[in-house]
Amino acid sequence: MTTSIYEARNNFSNLVTLAESGEPVELTRYNKPVAVIISYDEYEQRKAAKGPSWLSQWREKYADVLDDEGIPLPPKVYPDPNRKIFED
């Protein structure tokens, strides 16, 4: 089913019921598709089929480096511009 966002605002609960029953609802703005309402079960299936994100894979690959404490850096000390330093 396809409907405009304007019409979807007035019939949102009916559209959610349609999505729950397994029929995706395509939302349009100015006759261009912008979003789809799908059931939560279908969302979970698609998410599981997609697999882990690239960031999760990267974190797993570099876990030994990321678990390190890092490079110890001394604290940065900034001079106080209001303090006058006298030289001998």
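Nothing fancy with the numbering, it's 1 onward along the sequence.
- The nearest pair of heavy atoms linking Ser39 to Ala19 is CB-O, 3.2 Å.
- Atom OG1 of Thr28 and atom CD of Glu7 lie 8.0 Å apart (nearest 0.5 Å).
- Atom OH of residue Tyr40 and atom NZ of residue Lys47 lie 5.5 Å apart, to the nearest 0.5 angstrom.
- Here Tyr30 contributes atom OH and Ser4 contributes atom OG; the two are 11.0 Å apart, rounded to the nearest 0.5 Å.
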Kindly list each side-chain donor-acceptor pair under 3.5 angstrom involving residues 74-82, sequence neighbours excluded, with atom names and distances?
unit_1, atom_1, unit_2, atom_2, d
Asp80, OD1, Asn82, N, 3.1

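- Here Phe12 pairs with nothing under the ring pair (Phe, Tyr, Trp, His ring centres under 6.0 Å) rule; sequence neighbours left out.
- Following chains of ILVMFWY side-chain contacts shorter than 4.5 Å, one cannot reach Val34 starting from Val36, and the two form parts of different hydrophobic clusters.
- Interatomic distance, Tyr43 OH to Ile37 CD1, rounded to the nearest 0.5 Å: 15.0 Å.
- Annotation: salt bridge (Lys or Arg N to Asp or Glu O under 4.0 Å) contacts involving residues 10-38, sequence neighbours excluded, are absent.
- Cluster membership for Met1 and Ile38, using ILVMFWY side-chain heavy atoms within less than 4.5 angstrom, is not shared.
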Requested in this report: Under the side-chain contact (heavy atoms from CB on, under 4.5 Å) rule, what do Asn11 and Thr3 come out as? Steps first, then yes or no, please.
Outcome: CA-CA 10 Å; Asn11 299 309; Thr3 186; 6.0 Å; no
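- Atom CD of Glu44 has more than 12 heavy atoms from other residues, nucleotides or ligands within 6.0 Å.
- When the shell of 6.0 Å around CG of Asn10 is examined, it contains more than 12 heavy atoms from other residues, nucleotides or ligands.
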